[in-house]
Amino acid sequence: MKEDIQEVVYKSLQAIDPKIDPKDYPIEVDVPKRKEFGDFATNIAFLLARDLGRNPRDIADMIIQNIPREEKKLFKKVEIAGAGFINFYIKEHAIINKLIDIEKHGESYGNCDIGDGEKVLLEFVSANPTGYLHMGHARNACVGDSVCKILSAVGYDVTREFYINDAGRQMDLLGLSVYRRYEQFFGIDNDIGEDGYHGEYIKEIASRIREENGQELLAEGNKQNDSIEYCKEYAKNILLDEIRKDLNDIGVTFDKWYSEKDELYKILKENGQENLIERIKNELSEKGALDKREGAIWFKASEFGDSQDWVIVKKDGSYTYFISDIAYHYDKVKRGYKRLINVWGADHHSHISRLQAALRALGPDDYLLEVLLIQFVRLLSKGREISMSKRSGTYVTMRDVLKDVGRDVTRFFLIMRSSDSHLDFDLDSAKDQSSENPVYYVQYAHARIGSIFEKAKEKNLFPSNNSLNFLDLPDEIDIAKKLLQFPEVINESAQALAPHKIAFYLQELASGFHIYYNKHRIIVEDPRLSSARLFLIGCIKTVIAKGLGLLGVSAPDRM
RNA sequence: GGGCGAUUAGCUCAGUGGAUAGAGCACUGGCCUCCGAAGCCAGAGGUCGCGGGUUCGAAUCCCGCAUCGCCCGCCA
């Protein structure tokens, strides 16, 4: 509906002066906060006034005068307000009739194609397989998944990817920790070390290894290294399975699990011995972006927009995590993705600029990488914070929370705050099946409508758009307007990568329905009015289901 | 010392330069003979952290300051 207004204003501007370029004057149309200011308003007259050196009100008047006759039919009135706003008041029946779009498109209502099929790679979660997922990962997973759904809805071709960090020191520590626990089962007194993993699950994994292998793995020297390597692979596979299972339980799936070890260290056939990391190193070297200093090799990030240089090959000849990261992201580009979006915890923010610097150095395209930073989650119970540290063996996992409060509530809670705000996840209010819980509020509206449909069916009443002119209550017009804003809400949340906007919208829409329901009966004497009202609430049901779907939350017919 | 984020009602938070700043919770008082009370209605609650600036207009943009969280490793 908003586009219709933009079109009207544009036509009027064309009538005034065909030379006006819409690129110079983007026509902003929004819904005023206050009802008295109409259904839509534009500030275009202010923008033109500045450049034309004329009074905004005069320009607004001119625009109104030049709206083509045909287009004027849409409006009850169009007027100048304040210092030069133009307020549009749409005819009620035009709004109500627009609802037919919702029925026509059903589940796909609100979708569009502004993404134009562009290939987007969304990398999210990417938790190290060294432990169970905690609520920070869960927030990343839910936000990432929802962003994927939203971007798909606006026409992008989205691939979802999980990067498995299975090479490097953390994995070595994991293998060693498991092996030490294994040794302890045979009375060997050892020390896991401060850097090691201390969780109970490490013992459980070691125990399984003992059950399968007895004491065969006890060894010294090189043979012991083989045993540690075995423990590492064994633990990795178990933990990856657990991560996959947890993600599955919360409704998050991936198109590709990209293994650092398998993909980046794979020998490239066409080039003899070289692997992807070496190739990237060579490419960076050819571009003059590397420097040998203090026995190490540095990427000169400071020459490509970052604040300092970074080591990519250590003094001992081994790679840093950073060069794997560069290779991985360059590989994303090579795989044909035009847009790379990463969902990262806020503690990784310093990696953004250096990675962007590396991509810039490799060229040719600039600024390919967008990062959606997610601030921390604090888990609260009875007003107290619960520890989520991975090193202490006692952290509360995502699995624990999921079991406790369920998928829908977990997802909604993790999504309903802006990503750049810290999030307090209050277990007590999450568990509360009451009005304090916004997810039930929205789901309840959906279920209530389902229930009304059942009741109507008994009386042989069904939704119909044959008598929409019966919908003339102000409450009905308000709801219709709200429903018609939905495509714009999806758009905005896609643009800002901000699923929480949908969560807020749904609460407002549900509120509109509950108010309407309490004030007016849906099923009334006149079957034509009943059918029209059923049609209206059917539209609400469709939009709620669609919106909850974008958040990965179910829309039950009963609860 | 540098960087990122935050600071809005008692609490948790929306608010992408627009008109009189919003919601939920909590609090007070009402509403089921009636399609689901997990609901609705009414009330009260504000120096948008502080100080400058930009302009027709600033919670929103810019500069400075304060406070809180996170980061600044040849770990990942």
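Just so you know, these numbers come straight off a predicted model, no measurement behind them. Only heavy atoms go into these numbers, but all of them, side chains included; no hydrogens, no water, no symmetry mates.
- Contacts with RNA chain B (heavy atom under 4.0 Å) in residues 445-452 of chain A: A/Ala447, A/Arg448, A/Ser451, A/Ile452, listed by number.
- Listed candidates were B/C71, B/C75, B/U16. Nearest to the side chain of A/Ala496 is B/U16.
- Not a single donor-acceptor pair, N or O on each side, falls under 3.5 Å between the base of B/A76 and the side chain of A/Asp347.
- Regarding A/Arg417, its CZ atom lies at a distance of 17 Å from the C1' atom of B/G69, rounded to whole Å.
- No engagement by A/Asn55 is indicated, since no non-hydrogen atom pair under 4.0 Å with the nucleic acid exists.
- With hydrogens and angles ignored, a donor-acceptor pair closer than 3.5 Å exists between the side chain of A/His351 and the base of B/A76.
- For A/His500, whose side chain is taken as the heavy atoms from C-beta onward, the closest listed nucleotide among B/C40, B/G15, B/G36 is B/G15.
- Rounded to a whole Å, the CG atom of A/Leu290 is 16 Å from the P atom of B/C74.
- Within the 4.0 Å cut-off from OP1 or OP2 of B/U7, not a single side-chain nitrogen or oxygen of A/Ser421 is found.
- Taking the P atom of each, B/A59 and B/U54 are spaced 16 Å apart, rounded to whole Å.
- A/Gln6 places a side-chain N or O within donor-acceptor distance of the main-chain N or O of A/Ile27, the cut-off being under 3.5 Å.
- Comparing B/G5, B/C13, B/A76 against the side chain of A/Tyr321 picks out B/A76 as the nearest.
- Here B/C71 is the nucleotide among B/C56, B/C71, B/A19 with the atom lying nearest to any side-chain atom of A/Ser350.
- With distances taken from any side-chain atom of A/Gln308 to the nucleotides B/G3, B/C72, B/C34, the minimum falls on B/C72.
- For B/C35, there is no paired nucleotide, since no Watson-Crick or G-U wobble pair has both relevant distances below 3.5 Å.
- Only the P atoms considered, B/U55 is 37 Å distant from B/G45, to the nearest whole Å.
- Pair check for B/C11 finds B/G24; Watson-Crick or G-U wobble, both atom distances under 3.5 Å.
- Separation of the C1' atoms belonging to B/U67 and B/G49 is 8 Å when rounded to the nearest angstrom.
- Out of B/C13, B/G69, B/A76, the shortest distance to the side chain of A/Phe504 is found at B/C13.
- Under 3.5 Å, the side chain of A/His422 and the base of B/G5 form no donor-acceptor pair of N or O atoms.
- Summarising the geometry, the separation between CG on A/Leu427 and C1' on B/U12 is reported as 15 Å, rounded to the nearest angstrom.
- The interatomic distance linking A/Asp306 (CG) with B/C72 (C1') rounds to 11 Å, in whole Å.
- Nucleotide B/A76: unpaired (no Watson-Crick or G-U wobble partner with both distances less than 3.5 Å).
- The phosphate of B/G73 (OP1 or OP2) has no side-chain N or O of A/Lys314 nearer than 4.0 angstrom.
- Across all strands shown, A/Arg169 has heavy atoms under 4.0 Å from sugar-phosphate atoms exclusively, and none from any base.
- Among the atoms of the strands shown, base atoms are found under 4.0 Å from some heavy atom of A/Ala41.
- Straight-line distance between the C1' atoms of B/G57 and B/G30: roughly 42 Å, to the nearest whole Å.
- Rounding to whole angstrom units, CG of residue A/Asn165 and C1' of B/A76 are separated by 6 Å.
- Residue pairs meeting the side chain to side chain donor-acceptor pair (under 3.5 Å) criterion with at least one partner in residues 523-532 of chain A, sequence neighbours excluded, are A/Asp526-A/Arg528.
- B/G46 makes up no base pair with any nucleotide shown, lacking Watson-Crick or G-U wobble contacts both under 3.5 Å.
- Using cut-offs of 30° and 60° on the angle between ring planes, the pair A/Tyr265 and A/Tyr319 is tilted.
- Between the C1' atoms of B/C40 and B/U16, the separation comes to 33 Å (whole Å).
- For the pair A/Arg417/A/His500, no side-chain contact is recorded, criterion being any heavy-atom separation below 4.5 Å from C-beta on.
- The stacking criteria are not both satisfied for A/Phe376 over the base of B/C70, which would need a centre-to-centre distance under 5.5 angstrom and an angle between ring planes under 30 degrees.
- Remark: P of B/C75 and CG of A/Leu174 are 19 Å apart, rounded to the nearest angstrom.
- Contact annotation: A/Lys33 does not reach the phosphate of B/U20 (side-chain N/O to OP1 or OP2, under 4.0 Å).
- Dashed line: the shortest gap from a side-chain N or O of A/Tyr517 to OP1 or OP2 of B/C41 is not under 4.0 Å.
- B/G24 and B/C61 have their C1' atoms separated by 30 Å, given to the nearest Å.
- A gap of 48 Å separates the C1' atoms of B/C41 and B/C63, to the nearest Å.
- Pair check for B/G18 finds B/C56; Watson-Crick or G-U wobble, both atom distances under 3.5 Å.
- Cation-pi contact between A/Lys77 and A/Tyr89: present, with separation from the ring centre below 6.0 Å and deviation from the ring axis of at most 45°.
- Taking the P atom of each, B/G10 and B/G53 are spaced 29 Å apart, rounded to whole Å.
- For A/Phe85 and B/A19, the ring-to-base geometry satisfies the stacking test (centroid distance below 5.5 Å, interplanar angle below 30°).
- To the nearest angstrom, C1' of B/G3 lies 14 Å from CZ of A/Arg354.
- In this structure, B/C32 shows a glycosidic angle within 90 degrees of zero, which is the syn conformation.
- In a base pair of the Watson-Crick type (N1 to N3 plus N6-O4 or O6-N4) or a G-U wobble (N1-O2 and O6-N3), with each distance short of 3.5 Å, B/U67 is matched with B/A6.
- Annotation: A/Lys2, atom NZ; neighbour count of heavy atoms from other residues, nucleotides and ligands within 6.0 Å is above 12.
- Close to B/G15, at under 4.0 Å from its OP1 or OP2, lies a side-chain N or O of A/Lys501.
- Nucleotide B/C40 forms a Watson-Crick or G-U wobble pair with B/G30, both donor-acceptor distances falling under 3.5 Å.
- Closest to the side chain of A/Trp298, out of B/C74, B/A76, B/A38, is B/C74.
- Set against B/A76, B/C74, B/C13, the side chain of A/Ala296 has B/C74 as its closest nucleotide.
- Using a 30° and 60° split on the angle between ring planes, A/His351 and A/His348 fall in the perpendicular class, above 60°.
- At the heavy-atom level, A/Ser418 lies under 4.0 Å from the strands shown only through sugar-phosphate atoms.
- Distance from the side chain of A/Arg558 is smallest for B/G36 among the nucleotides B/G36, B/A19, B/C4.
- Rounded to an integer number of Å, the gap from CG of A/Asp420 to C1' of B/A14 is 12 Å.
- RNA chain B is contacted by no residue of residues 530-543 of chain A, taking any non-hydrogen atom closer than 4.0 Å.
- Taking the ring axis of A/Phe322 as reference, the NZ or CZ atom of A/Arg354 stays within 45° of it and closer than 6.0 Å to the ring centre.
- For A/Glu294, taking side-chain heavy atoms from C-beta onward, the closest of the listed nucleotides B/A76, B/C74, B/G18 is B/C74.
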